[in-house]
Amino acid sequence: MSEDRETQDADDASAEPKRAFWADEVADEIEARDPEDPIVIKGGVSPSGVAHLGNFNEIMRGYFVAAVLRERGHEVRQVFTSDDRDPLRKLPRKLADTDGNIVGLGDVDAGALGRNLGRPYTDIPDPFGESESYAAHFAALLKADADRLGVPVEMLSNTELYEDGTFDEVVEHVLGHADTAREVLSEYQAKVDADYVPFNPICEECGKITERVTSIDLEAGTVDYVCTDMTVGDETIEGCGHEGTATFREGKLPWRFEWPGQWQVLGVDFEPFGKDHAEGSWPSGEDIARNVLGIEPPVPMVYEWFTLNGEALSSSQGNIVTVPEMLDLLEPEVLRYFFALNPRKARDLDISRLDQLVDDFDRFERAYFGDVDDETLTAFAERAYPFVVDEVREDRVRLPYTFAAVLGMTDDRDLRIEMARNEGYFDDDTPEWAIEEALERVDRARAWAERLDNEYNYRIQEDLPEVDVDDAVAAALDELAEFVAVGHDGEEIQGEMYETARRHDIEVGDFFEAGYLLFFDQPQGPRLGEFLGELDTEFVVARLRRES
RNA sequence: GGGCCGGUAGCUCAGUUCGGCAGAGCGUCUGGCUUUUAACCAGACGGUCGGGGGUUCAAGUCCCUCCCGGCCCGCCA
């Protein structure tokens, strides 16, 4: 270190050292508050039709912070609330079935769903008839996805938190200090007037969330209400007009209070949230926590939303992707890597360039092992990589994604291995487990090529495609067949193709095209000679002779 | 209209806290591999760091201002 640098440090001794991984910075902030163990990290969403990748910000951002804190010796509890006492406000356009497949509203009983508008998600039947409720179905999807990504997260049902009395103290407190609550919230919401009561009972008659509380009885722990209409955008969900009484467990706090309430009853120390909350719920939540509930709000972190294929995530427009879908195309660690990147940057997840994301991951991995000459990346990888993979293993082999896609042109496992070996990815010392893991990428890259129908989507044709060749090309193909039959390796075949084409005075391009058509039924393809060298000789000879 | 976040190579992004040489990967191009045919290797090209102004010996980085995009400022979450 230079003298200049030392002087600079001395001048500014209080400055925190720069952290290479954002999760460390967050962990620093959390530790600075001297939290009690276990440290609680929360995320949460309202159940919607589909658990899409965007929802995973809530889980994955928290995961990295949890992992860093655990490494520092803390006990950490990562919880995720399904905010399932929220009412269904409008019908989702898309739903995900139990396996995570996205289906349209038409594939379920939409009428049954429509009759449940305004009721809490936990009181609505599962449209797929499998789980206890709509909410349970959705929560199960998220939990399954978290498991797939290896994130140990504890799912909590908001409805249960009300029903089992966890929320009692908060509801009592808020209703007991309704004036203060009104006053604080009115700073943020213009509609909060003198009649505003921060509690929404569930109508005992029609089951909908109501918005008009007429009186509060703190002694009895009840409120009186009128079941009124609910306005959602330009739609109205009709109330039934019933006048009734509800206990503090038979309703919910409005979101602006519910969120801080969750912080209190769960003892939340950190919560990441999307930028939509940054200017609305967070400032009011912070204020309500301190000045209504008398608690310190958690350390916040705003994450930017990412776009999918250049467009905003939108389930109604079909521009969404789920975790299972992504895992058909990528290893879990690559997906985790995506979420380990700086949350403050809006970034695009471009399916057509997944190869780029995977390349970036591979480079990140090599950086961890010190094989990349890039200080910044290496510093980031040193911190983040162990949390991205299940297990750090240095002799792991990664096939470049596009090469894996080339290998995916055949289903023959031995052939895949042979081609990878010829390219130097495997050698005699490569352990079997490493080969096995490396090949997992081949199926994913293959799925990617098929999904996009891109330039890697070639398949060796088992049966002879219909191909018209002129006499000169036919003669050349026959001659090449002879060459192959005698026994030559891929490189020699590749070279011979040029020679053969010249001898027959045909364009090299035409000759290759004939070859591609014969083997792939496409005018283009991978490096043909070397590919043929890997295939069964008899098969290649017969195909070149257009026999089978 | 006000606020928050973002804008760096064709693409994806580091670098912005705390001012110190404009960076990486991919793509492209050229060359190499006996070879125009998508895997491999080498090299090159590629920049108004959104625009403008200011502070400074020095600005992608700090200040002011404007432009563009997303989000929030109704309800709801």
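Predicted model only: the values in this text are computed from it and were never measured. Excluded from the calculations below are hydrogen atoms, water molecules and symmetry mates; all remaining heavy atoms, backbone and side chain alike, are included. Below, chains carry the letters A, B, ... as their sequence lines are ordered, and counting in each starts from 1.
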| query | Any chance the side chains of A:Glu331 and A:Tyr337 put a donor and an acceptor closer than 3.5 Å? | reply | no
| Any strand: nucleotide that pairs with B:rA14 via Watson-Crick or wobble, under 3.5 Å | none
| said: Roughly how many Å apart are B:rU17 and B:rC62, using the P atom of each and rounding to a whole number? | reply: 5 Å
| request: Identify which one of A:Trp305, A:Trp259, A:Tyr303 satisfies the ring-ring contact (aromatic ring centres under 6.0 Å, His included) criterion when paired with A:Phe273. | output: A:Trp259
| field | For A:Asp24, side chain to side chain donor-acceptor pair (under 3.5 Å) partners two or more places apart | value | A:Arg72, A:Arg383
| Any luck finding a side-chain donor-acceptor pair between A:Asn158 and A:Gln262 under 3.5 Å? | yes
| request: Classify the nucleic acid contact of A:Arg527 as base, sugar-phosphate or nothing, counting any heavy atom under 4.0 Å across all strands shown. | output: base
| request: Establish, from distance only, whether the side-chain atoms of A:Gln356 and A:Asp350 form a donor-acceptor pair under 3.5 Å. | output: no
| said: We want to know whether A:Asp355 and A:Thr402 form a side-chain donor-acceptor pair, criterion being a heavy-atom distance below 3.5 angstrom. | reply: no
| Protein-to-nucleotide contact annotation, 5' to 3' order, nucleotides 66-76 of chain B [B base; S sugar-phosphate only; - none; under 4.0 Å, heavy atom] | ----BSS--SS
| query | Are side-chain heavy atoms of A:Asp195 and A:Val213 found at a separation under 4.5 Å? | reply | no
| field | Nearest-angstrom distance, C1' atom, B:rA77 to B:rC13 | value | 32 Å
| task | Whole angstrom is fine here: how far is it from CG in A:Asp84 over to P in B:rA77? | result | 13 Å
| query | Using atom P of each nucleotide, how far apart are B:rG60 and B:rG53 to the nearest Å? | reply | 14 Å
| query | Taking atom types as modelled, is there a side-chain donor on A:Glu479 or A:His504 under 3.5 Å from an acceptor on the other? | reply | yes
| field | Nearest listed nucleotide, side chain of A:Thr376, among B:rC40, B:rA38, B:rG15 | value | B:rG15
| message | By the 4.0 Å heavy-atom rule, please label A:Val508 as base, sugar-phosphate, or nothing. | response | base
| message | So, OP1 or OP2 of B:rG7: does either fall under 4.0 Å of a side-chain N or O from A:Lys345? | response | yes
| Quiz item: A:Thr402 side-chain donor-acceptor pair to B:rA38 base, under 3.5 Å | no
| Roughly, in whole Å, what's the span from NE2 in A:His488 to C1' in B:rU35? | 16 Å
| Considering only the C1' atoms, how many Å lie between B:rA38 and B:rC21, rounded to the nearest integer? | 37 Å
| remark: Any strand, both distances under 3.5 Å, Watson-Crick or G-U wobble: B:rC4 pairs with B:rG70
| Nearest-Å distance once atom C1' is located in both B:rG54 and B:rC45 | 35 Å
| field | Counterpart base for B:rG31, defined by Watson-Crick or G-U wobble contacts under 3.5 Å | value | B:rC41
| P gap between B:rG27 and B:rA39, integer Å | 8 Å
| Whichever of A:Gly495 and A:Val406 has its nearest RNA chain B nucleotide further upstream toward 5' | A:Gly495
| task | Tell me, please, which residues at least two apart from A:Phe387 pass ring-ring contact (aromatic ring centres under 6.0 Å, His included). | result | none
| task | Remember a base hit wins even if backbone is also touched, and classify A:Tyr516 as base, sugar-phosphate or nothing at under 4.0 Å, heavy atoms. | result | base
| said: Any side-chain N or O of A:Arg344 below 4.0 angstrom from OP1/OP2 of B:rG15? | reply: no
| query | When you measure from the side chain of A:Asp86, which nucleotide among B:rA77, B:rC11, B:rC40 comes out closest? | reply | B:rA77
| message | At 4.0 Å (heavy atoms only), tell me whether A:Tyr458 reaches a base, stays on the sugar-phosphate, or touches nothing. | response | base
| When the distance from CZ of A:Phe273 to P of B:rC4 is rounded to whole Å, what number comes out? | 15 Å
| query | For A:Arg502, which contact category applies under a 4.0 Å heavy-atom criterion: base, sugar-phosphate, or nothing? | reply | sugar-phosphate
| field | Proximal nucleotide (of B:rC13, B:rA38, B:rU12) relative to the A:Tyr456 side chain | value | B:rA38
| request: Provide the distance between the two C1' atoms, one in B:rC68 and one in B:rG52, to the nearest whole Å. | output: 15 Å
| Just checking A:Asn342: base, sugar-phosphate only, or nothing, at a heavy-atom cut-off of under 4.0 Å? | sugar-phosphate
| task | May I ask you to check whether A:Ser284 and A:Arg256 show a side-chain donor-acceptor distance below 3.5 Å? | result | yes
| field | Distance, rounded to the nearest Å, where A:Phe138 contributes CZ and B:rA77 contributes P | value | 16 Å
| field | Rounded distance in Å - CD (A:Glu258) to C1' (B:rA77) | value | 9 Å
| request: Rounded off to whole Å, could you give me the CG-to-C1' distance for the A:Leu415 and B:rA39 pair? | output: 14 Å
| query | What's the CG-C1' distance between A:Leu407 and B:rC40, to the nearest Å? | reply | 14 Å
| If the P atom of B:rA44 is compared with that of B:rG23, how far apart are they to the nearest Å? | 13 Å
| message | Measure CD/A:Glu25 against C1'/B:rC18 and give the value in whole Å, please. | response | 13 Å
| How is A:Ser281 classified with respect to the nucleic acid when contacts are heavy atoms under 4.0 Å: base, sugar-phosphate, or nothing? | base
| Reckon A:Asp348 touches a base, only the sugar-phosphate, or nothing at all at heavy-atom distances under 4.0 Å? | sugar-phosphate
